[in-house]
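First the proteins, then the strands, lettered A, B, ... as listed; each starts at 1. The structure presented is a predicted model; accordingly, all values stated were derived computationally and were not measured.
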Protein chains: 2
Amino acid sequence: MPKSHKKHDIFRAALKLFSRYGYKKTTVEDVAAELGMTKSNLYFYVASKRDLYEQSIRHALKQWRDSVAAAIAEKNDVVEKFKVMALTSFQYLADDEELRSILIMDPAIFTLTPAEDRFYEINQGAMLLIKDILVQGINEGRFYDIDVDHTTQFLFSVYIMFLIKTYIKSEGVSAFRMYEEGTALVLRGLCRSHS
Amino acid sequence: MPKSHKKHDIFRAALKLFSRYGYKKTTVEDVAAELGMTKSNLYFYVASKRDLYEQSIRHALKQWRDSVAAAIAEKNDVVEKFKVMALTSFQYLADDEELRSILIMDPAIFTLTPAEDRFYEINQGAMLLIKDILVQGINEGRFYDIDVDHTTQFLFSVYIMFLIKTYIKSEGVSAFRMYEEGTALVLRGLCRSHS
DNA sequence: ATTTGAATTATTGATTCATTTGTTCAAATA
DNA sequence: TATTTGAACAAATGAATCAATAATTCAAAT
């Protein structure tokens with residue numbers, strides 16, 4: 001079995017247990033047992049319990065981002081791209097119960113501030129998805145000639161805020177309606193002409 | 001001295017000490033001493049240490065809201081009102097160092113979720129300021145015919161988010177530029193015609 | 001109506017200790 | 001060589017205790 005696939009199994013097993021019992025209550029031995037190996041062998045793949053935890057989350061976050069990127073790639077029209085991005089990136093969490101559960105137990109994973117973001121590179125990748133759409137919209141003359149970087153940061157912050165509101169604190173339906181209304185408002189603020 | 005003015009003094013003194021030492025490190029006796037009274041007498045005005053703390057914050061938050069309301073009342077044009085609201089409500093904290101300091105020590109004062117908001121009524125008042133502007137804009141035909149309640153919630157959430165980013169985590173200048181860019185974007189999304 | 005001193009009750013912080021859990025590593029195995 | 005193991009060691013944790021500090025009450029005084 002290739003090592004990368006083995007790591008995939010490890011991270012998925014770890015995520016499963018961490019999401020059920022939380023970081024503290026989950027022992028390295030629990031994870032090893034779930035994988036049918038000894039705990040000392042787990043240390044062949046990760047540096048520490050903390051490392052196992054962070055890498056497991058990293059792994060899940062990357063899958064999320066790639067899934068959104070794939071959905072965007074299917075569209076050509078900028079406005080469609082924007083809408084798909086807003087929707088799928090938001091909906092994704094509804095399906096991954098384990099990741100959602102971890103996020104609730106460890107809300108610091110979603111931070112409003114880049115400086116204390118443990119998953120900075122991954123989120124940078126997510127912001128790039130937004131930025132590319134803004135750039136395309138501006139180049140095609142469909143979006144106003146805005147400050148791309150600051151608007152990207154603005155939109156990403158709003159997005160993170162809604163994830164927190166919807167999934168971490170669970171405002172559910174109400175937050176989703178706000179998200180719809182907000183997305184529409186923002187899209188009007190971006191587009192030169194409205195249909 | 002009227003009782004309400006006495007309470008004002010008490011809350012201001014308490015805020016001063018709480019902002020300097022934090023909730024735990026500040027004793028009821030410290031506050032009493034600052035006011036030149038005994039701690040048992042302080043209990044004539046408040047129910048508990050917690051009550052003293054919460055009321056002090058409540059007091060400060062009300063002043064803030066009233067200050068913003070006054071600034072808005074000076075303008076007639078909706079767009080001007082919106083701009084003034086966005087600016088003064090954001091700038092206010094820059095001047096009240098004590099409140100800012102408390103907010104940093106107790107970030108839960110600003111929550112993204114109404115359900116766990118200890119200062120719900122006060123924030124409802126703040127949201128009313130936004131709502132009134134939206135209603136005026138729609139009635140005058142200058143804003144799109146949006147869902148007022150959800151848009152109000154959306155804008156208030158975005159506003160709180162920026163307060164957190166700017167004053168609690170201190171992203172300072174960068175966050176302020178985002179706020180400007182965001183405000184402009186939102187205003188374009190609201191307005192029917194752009195100049 | 002407001003203030004006080006003294007007494008009571010509730011919290012907190014420091015300390016200890018037994019137990020669990022995280023981590024390392026030399027030797028074994030495939 | 002890459003992976004796995006068991007045994008040993010080190011670090012973290014939770015429970016229990018206790019003294020000190022701080023919160024709260026209240027009858028009496030102003």
Side-chain angles (χ1 to χ4, degrees), chain A residues 1-60 98 101-102 104-109 118, chain B residues 1-60 98 101-102 104-109 118:
Chain A
M1 186 188 300
K3 194 162 179 177
S4 72
H5 191 279
K6 183 112 195 180
K7 283 204 169 187
H8 172 88
D9 288 348
I10 290 173
F11 296 146
R12 213 55 219 186
L15 202 76
K16 175 180 170 186
L17 294 184
F18 282 131
S19 75
R20 185 174 314 164
Y21 304 116
Y23 181 78
K24 261 171 55 180
K25 292 279 187 190
T26 303
T27 69
V28 175
E29 196 149 26
D30 288 338
V31 178
E34 173 80 19
L35 289 157
M37 61 169 71
T38 61
K39 60 174 174 173
S40 46
N41 190 36
L42 244 191
Y43 279 89
F44 183 73
Y45 296 96
V46 299
S48 65
K49 181 186 181 183
R50 196 80 219 169
D51 181 48
L52 173 59
Y53 180 69
E54 303 280 308
Q55 283 208 63
S56 299
I57 294 171
R58 210 170 295 270
H59 182 74
E98 282 174 12
S101 171
I102 292 236
I104 291 168
M105 290 183 183
D106 183 0
I109 292 171
R118 286 137 66 196
Chain B
M1 185 188 300
K3 195 162 178 176
S4 73
H5 191 279
K6 184 110 195 180
K7 283 204 169 188
H8 172 88
D9 288 347
I10 289 173
F11 296 146
R12 213 55 218 185
L15 202 76
K16 177 179 170 186
L17 294 183
F18 282 131
S19 76
R20 186 174 313 164
Y21 303 117
Y23 181 78
K24 261 171 55 179
K25 292 278 187 191
T26 303
T27 67
V28 175
E29 195 149 27
D30 287 339
V31 178
E34 173 79 19
L35 289 157
M37 62 169 71
T38 61
K39 59 176 172 170
S40 45
N41 189 35
L42 205 41
Y43 279 90
F44 182 74
Y45 296 97
V46 299
S48 64
K49 181 185 181 182
R50 197 79 221 169
D51 181 49
L52 173 61
Y53 180 69
E54 303 280 310
Q55 283 208 63
S56 299
I57 294 172
R58 211 169 294 271
H59 183 74
E98 282 173 12
S101 170
I102 293 234
I104 291 168
M105 291 182 183
D106 183 0
I109 292 171
R118 286 136 67 196

Could you state the atom-to-atom distance from [atom1] of [X] to [atom2] of [N] in whole Å?
{"X": "B:Glu29", "N": "D:dT25", "atom1": "CD", "atom2": "P", "answer": "16 Å"}
{"X": "B:Asn41", "N": "D:dT24", "atom1": "CG", "atom2": "C1'", "answer": "14 Å"}
{"X": "B:Met37", "N": "D:dT30", "atom1": "CE", "atom2": "P", "answer": "19 Å"}
{"X": "A:Arg50", "N": "D:dA12", "atom1": "CZ", "atom2": "P", "answer": "13 Å"}
{"X": "B:Lys7", "N": "C:dT2", "atom1": "NZ", "atom2": "P", "answer": "10 Å"}
{"X": "B:Leu17", "N": "D:dA22", "atom1": "CG", "atom2": "P", "answer": "14 Å"}
{"X": "A:Phe44", "N": "C:dA30", "atom1": "CZ", "atom2": "P", "answer": "16 Å"}
{"X": "A:Tyr43", "N": "D:dT4", "atom1": "OH", "atom2": "C1'", "answer": "16 Å"}

Residue whose closest nucleotide on DNA chain D lies nearer the 5' end, A:Leu42 versus A:Lys24: A:Leu42
Between B:Asn41 and B:Thr38: side-chain donor-acceptor atoms closer than 3.5 Å: no
Modelled atom types, side-chain donor and acceptor of A:Ser48 and A:Asp51, under 3.5 Å: no
5' priority, DNA chain C, between B:Gly36 and A:Lys25 [closest heavy atom]: B:Gly36
Sugar-phosphate, base or nothing in reach of B:Ser40, heavy atoms under 4.0 Å: base
Mutual orientation of the aromatic rings belonging to A:Tyr23 and A:Tyr53 [parallel < 30°, tilted 30-60°, perpendicular > 60°]: perpendicular
Step-by-step salt bridge (charged side-chain N to carboxylate O under 4.0 Å, His left out) determination, A:Asp106 to A:Arg118: CA-CA 12 Å; A:Asp106 183 0; A:Arg118 286 137 66 196; 3.0 Å; yes
Distance (rounded to the nearest 0.5 Å) between B:Asp9 CG and B:Glu34 CD: 10.5 Å
A:Lys49 NZ to A:Thr26 OG1 distance, which is reported to the nearest 0.5 Å: 6.5 Å
Side chain of [X] (C-beta onward), nearest among [options]:
{"X": "B:Val28", "options": "D:dA23, D:dT25, D:dG6", "result": "D:dA23"}
{"X": "A:Tyr45", "options": "D:dT4, C:dC25, C:dG5", "result": "D:dT4"}
{"X": "A:Lys49", "options": "C:dG22, C:dT4, D:dT24", "result": "C:dG22"}
{"X": "A:Thr38", "options": "C:dG22, D:dG6, D:dA23", "result": "D:dG6"}

Five-pair end axes of the helix from C:dA1-D:dT30 to C:dA30-D:dT1 and the angle they enclose, rounded to 10°: 50°
Short side-chain N/O contact from A:Lys6 to OP1 or OP2 of D:dT4, under 4.0 Å: yes
N or O in side chain of B:Lys39 less than 4.0 angstrom from D:dC26 OP1/OP2: no
Salt bridge (charged side-chain N to carboxylate O under 4.0 Å, His left out) between B:Arg12 and B:Glu98, intermediate numbers included: CA-CA 10 Å; B:Arg12 213 55 218 185; B:Glu98 282 173 12; 3.5 Å; yes
